[in-house]
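Only one structure is covered here, and it is reproduced in the block below.
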Protein chains: 2
Amino acid sequence: MMTAMSTETDHVCDLGRCEACVIRHKGICNALNADELQVFRQIACRRVYAPGDVIVSGDSSEVFFAAVVTGVVKLTKLLSDGRQQIVGLLFPPDCVGRPFGKAGPHIVEAATDVELCCFPYGGFQRMLTDCSGLSQRLLGLTLDQLEEARDWMVLLGRKTALERVASLLLMLATRSAVPGGSPDAGPQPASFELHLRRAEIADFLGLTYETVCRQISALGKDGVIRLDGKRHFQVLDRRALAEIADVCP
Amino acid sequence: MMTAMSTETDHVCDLGRCEACVIRHKGICNALNADELQVFRQIACRRVYAPGDVIVSGDSSEVFFAAVVTGVVKLTKLLSDGRQQIVGLLFPPDCVGRPFGKAGPHIVEAATDVELCCFPYGGFQRMLTDCSGLSQRLLGLTLDQLEEARDWMVLLGRKTALERVASLLLMLATRSAVPGGSPDAGPQPASFELHLRRAEIADFLGLTYETVCRQISALGKDGVIRLDGKRHFQVLDRRALAEIADVCP
DNA sequence: CGATCTGTTGACGGCAGTCAAGTCAAGTGG
DNA sequence: CCACTTGACTTGACTGCCGTCAACAGATCG
């Protein structure tokens, strides 16, 4: 598959070559030309995390910026009595952390095996000024995340438990669909792994894990989805799922 | 009060002078130097709206970008059966609309008397590329909004009705505090007008308006707040309010 | 084997939604 | 001026969804 142009080391080393990176033409990296990429590569540094690893915690006085290369990153916020809410799931090529000063208290955690491309804070800040397209690109990504967050606000504020679960499954089914696949032509069997525990799903949907269980069971009984094992989902009736989720496409 | 430097027309005309604008040194305008401001001023156009006026509706195929100069703008999302959720309140100098293509279906509405500084879409896009600091500044604002949206997700997903109402009142009390005032030195009587109807508060908090009423009454009975009329609130015990709201400062 | 973790299902109760009645203020029209 | 309407708000009674508590089933591991 990989056309081996390089006669040099073929095993992916710490930094790898940006040109071969899976997010080279996505996210912020896509805003860079070859020369700028060179600079990027010199200040960047790859890090890997196992599921459950905490990437950043506390009130993030420690500034941090990175791009998600592979895996899923979980963004959680806490109330003082322990209640918690997942406020974002980051997929490649989303970015973690924020330029320009402080953010509120988050917990940033790896939901799956995760590979990050990390940037020293000052260096990234400089790139942001030097590379004309970079901040625009990052702005675009941030606006997308804002849009997602707002859709999630509707879910949390107004949807029933069943609608919430359906919405999540539909989102994941859509996201995990092959990007090059036919645009909603075939029935699209839509099957995917959900790496989150029931409790994490609950924290994402603003429910308890018992309620999540019940609604998943309900969707199963109605023949809308099917579970193979505990975490592998199969969408049998996508249209019904979308109708329950009340998504306005 | 106003030091009349200009010997010319004193009544504020359609465009006014950017130099005298209340958001000249805030928001995106602050990223511009005098020359860039000149360009901005030539493509910009002021518009005013009355409370309840719809600024943009539908799926915003009509692209639109503007800065809020005065007043409060309401961002609403709908479900197909009429349930609705306010996903954002925009105060000066926040921005309405998004560069780079489409956003989801929103309703953008004036919550109070509103004055906007509107930009033609193409012109703003060009400015974004030409003015180096502009996209960075807009990025900063967008990141702030994202942070706010995520805090709101915690409220909608995990807080009780009483906590939600307390959180809203605390936010408004904080926002309406005199910016130059003493940083939480005195008791800060914190009194403000809430221009939203009970039903709108409910749509913001993910509750029904009856529940909002009850919780406001409860806070009143406990001596935490006081109502003068229907919409003028006075925070009597800010510490208690913050404790109820469970805000981690 | 027990211990622990994750997930499922049942019984019950409470918080907030639903339905409904009533108050208050402002406007309208005779 | 008064009768009436309308809209925003408040309060009460009842219901239901979802949270809480609990028991149990598999799976993994030492």
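These figures come from a predicted structure and were not determined experimentally. Side-chain atoms are counted along with the backbone in the values below, which use heavy atoms only and exclude waters and symmetry mates.
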[X] has an atom [atom1]; how far is it from atom [atom2] of [N], in whole Å?
X        : N      : atom1 : atom2 : value
B/Arg197 : D/dT10 : CZ    : P     : 14 Å
A/Asp228 : C/dG7  : CG    : C1'   : 16 Å
B/Asp203 : D/dC9  : CG    : P     : 12 Å
B/Ile201 : D/dA8  : CD1   : P     : 13 Å
A/Arg164 : D/dC18 : CZ    : P     : 8 Å
B/Leu156 : C/dC15 : CG    : P     : 20 Å
B/Tyr209 : D/dG7  : OH    : P     : 13 Å
B/Glu193 : D/dA8  : CD    : C1'   : 15 Å

Are any of [X]'s side-chain N or O atoms less than 4.0 Å away from OP1 or OP2 of [N]?
X        : N      : result
A/Arg198 : C/dT6  : no
A/Thr211 : D/dG19 : yes
B/Ser217 : D/dT11 : yes

Would you confirm whether A/Thr174, through its side chain, and A/Leu170, through its main-chain N or O, come within 3.5 Å as a donor-acceptor pair?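 Yes.
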Between A/Gln215 and B/Leu227, name the one whose nearest nucleotide on DNA chain D is closer to the 5' end.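 Going by which nucleotide is closer to the 5' end, it is B/Leu227.
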B/Thr208 side chain: which of C/dT18, D/dC18, C/dT8 is closest?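 Of the options given, the side chain of B/Thr208 lies nearest C/dT18.
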Counting side-chain heavy atoms from C-beta on, which of D/dG19, C/dT6, D/dC9 comes nearest to A/Arg231?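 Closest nucleotide to the A/Arg231 side chain: C/dT6.
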Can you tell me how the ring of B/Phe233 sits relative to the ring of B/Phe192, calling it parallel under 30°, perpendicular over 60° and tilted otherwise?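 Aromatic pair B/Phe233/B/Phe192 classed parallel.
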For the residue pair B/Phe204 and B/Trp152, does the interplanar ring angle fall in the parallel (under 30°), tilted (30 to 60°) or perpendicular (over 60°) class?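 The arrangement is parallel - the two ring planes meet at less than 30°.
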5′-ward residue of the pair A/Arg158/A/Lys221 relative to DNA chain C: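 Nearest-nucleotide comparison on DNA chain C picks A/Lys221.
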5' precedence on DNA chain C between B/Leu207 and A/Lys230 (nearest-nucleotide basis):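 The residue mapped nearer the 5' terminus is A/Lys230.
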Just by distance, with hydrogens left out, do A/Arg150 and A/Gln145 show a side-chain donor and acceptor under 3.5 Å apart?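 Side-chain D/A pair, A/Arg150 to A/Gln145: absent.
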Under 4.0 Å between any heavy atoms, over every strand shown, what does A/Gly229 touch: base, sugar-phosphate, or nothing? Just pick one.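 Nothing: the residue A/Gly229, judged by heavy atoms under 4.0 Å, touches no strand.
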Using only heavy-atom distances, decide whether a donor-acceptor pair under 3.5 angstrom links the side-chain of B/Arg214 to the base of D/dG12.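 Yes, the side chain and the base share a sub-3.5 Å donor-acceptor pair.
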Is any side-chain N or O of B/Glu210 under 3.5 Å from a base N or O of D/dC9, one able to act as donor and the other as acceptor?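 In this structure, the two groups form no donor-acceptor pair.
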Between B/Cys95 and B/Ile28, is the side-chain contact (heavy atoms from CB on, under 4.5 Å) condition met? List the steps. CA-CA 8 Å; B/Cys95 291; B/Ile28 53 171; 4.0 Å; yes
